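Following: one structure in structure tokens, then a few remarks.
Here is the naming used below: chain letters follow the sequence lines, and residue numbers restart at 1 for every chain. All of these numbers come straight from a predicted model, not from anything done at the bench.
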Amino acid sequence: MPRKEIIYRDRDRYRMGVKKLRSLIEEQAPKAIKNTEFKALEGRIIAVDTSNNLYQFLTAIGTENGSSLMNSIGETTSHLQGTFYRTIKFMSNGIKPVFVFDGAPPTLKSGELAKRSAKKKEAKENLDEAKETGTTEDVAKFSKRTTSATRKQNEECIKLLTLMGIPVVRAPCEAEAQCAELVKGGKAWASGSEDMDSLAFGTKILLRNLTASDQKKNPLWEFDHEKLLYGTGFTHDQFIDLCILLGCDYCESIRGIGPVRAFELMQKHKSIEEVVKHLDPTKYPVPVPFPFDEAREPIQEPTCHPCR
DNA sequence: ACTCTGACTCAAGACGTA
DNA sequence: TGAGTCAGAGT
DNA sequence: TACGTCC
């Protein structure tokens, strides 16, 4: 029982690691990142990872008092408003979006899911408390944490997009993986996602902040997979190993190995097997178990509809 | 001096008008 | 959930 | 650019 607790905590830590990938790329392969703008994407087909979108709409649109926009019979419409206008925005910039919706999360993530639902429950309690004793700001703040898109809202957005003539793909599993597959298969030019995992899944181009309303504060970034490999000298498989060391969803990381050491070790030893062999086990004990080899598979060949 | 962790906080869209 | 920042411990 | 409004 206590062991499970540890695993959940480590999963959390690992997620934190992925975000460090951006600054790592900035330092080690600066040419793989460039600042771009909507106008530069004219005519491009972009596979848009919608995982977070509905949540963003539901929490950002019309939420001054903590509730959403609603129709005459009290049904929430924020997700439709957001989806509609964002799609218009893409189209009027000459961008051809393909919206990719999440399917079931991979089984390896079930531990994380359990933890997430526990957090939701905690947030719900905070919300109830704020409703009784807190300010309206508190209520708005905590209601954002309890918000999540329903199955029905997902289907409504898919229907809206279909009626607008926009292609929609239902990913069997993770949307980022399906986006990468669409790009690798030549169906799309880039993935639009906030998740750096997209590069590990092998998308050729990753666009970040495609969904930010304030382009001054959150400029649009373009990551180039090929230039990333060229700049770091890694093969794609070595890059995946680096991501696993930095922290992915599928296995724990090694305490004390952050972005700097992980990068140096991978440059020197070229694979996790060799890295582990050369680690001082007294300074950097490897987690037990440490299923890094099993972690490679869902990254190299994730569950998704094949496009090749 | 550098690296990593952990605990913390905050913000999360798009439009038109002034 | 991710990004930024801080203090504190380890290398 | 900031801000109020979208239902």
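Side-chain polar atoms of A/Asp49 and A/Ser51 form a donor-acceptor pair below 3.5 angstrom. Checked by atom type, the side-chain pair A/Asp280/A/Thr282 shows a donor-acceptor distance below 3.5 Å. For A/Glu75 and A/Asn71, the side-chain atoms include at least one donor-acceptor pair closer than 3.5 Å.
Comment: A/Lys20 does not engage A/Glu27 in a salt bridge, judged by the lack of any side-chain N to carboxylate O separation of less than 4.0 angstrom. Under 4.0 Å is where a charged nitrogen must lie from a carboxylate oxygen, and between A/Glu274 and A/Lys268 no such pair does.
Of the P atoms belonging to B/dT9 and D/dC6, the separation is 34 Å, rounded to the nearest Å.
In this structure, CG of A/Leu21 is placed 13 Å from P of C/dG2, rounded to the nearest angstrom. The distance between atom CG of A/Leu24 and atom C1' of B/dT3, rounded to the nearest whole Å, is 13 Å. Between A/Lys20 atom NZ and C/dG2 atom P there is a gap of 13 Å when expressed in whole angstrom units. Here the C1' atom of nucleotide B/dA11 and the CD atom of A/Glu194 are 13 Å apart, to the nearest Å.
Heavy atoms of A/Lys216 sit under 4.0 angstrom from primed sugar atoms or phosphate atoms, though from no base atom. Among the protein residues, A/Arg208 comes within range of the sugar-phosphate backbone only, with heavy atoms under 4.0 Å from sugar or phosphate atoms but none that close to a base. A/Thr211 comes within 4.0 angstrom of the backbone, heavy atoms only, and of no base.
Under the side chain to side chain contact (heavy atoms under 4.5 Å, CB included) test applied with A/His79, the options A/Asn154, A/Leu54, A/Ile61, A/Asn53 reduce to a single match, A/Leu54.
Only A/Tyr85, A/Arg86, A/Lys89, listed by number, bring a heavy atom of residues 80-100 of chain A to less than 4.0 angstrom from any atom of DNA chain B.
Ring planes of A/His225 and A/Phe239: perpendicular class, angle over 60° (limits at 30 and 60°).
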Would you tabulate the pairs of protein nitrogen or oxygen atoms and nucleotide nitrogen or oxygen atoms of nucleotides 9-11 of chain C closer than 3.5 angstrom?
{"unit_1": "C/dT11", "atom_1": "O3'", "unit_2": "A/Tyr284", "atom_2": "OH", "d": "3.2"}

Check: protein-nucleotides 5-7 of chain C nitrogen or oxygen pairs below 3.5 Å:
none

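Taking the six-membered ring for Trp and the full ring otherwise, the centers of A/Phe234 and A/Phe263 sit less than 6.0 Å from each other.
Both the sub-6.0 Å distance and the 45° axial angle are satisfied by A/Arg44 relative to the ring of A/Trp189.
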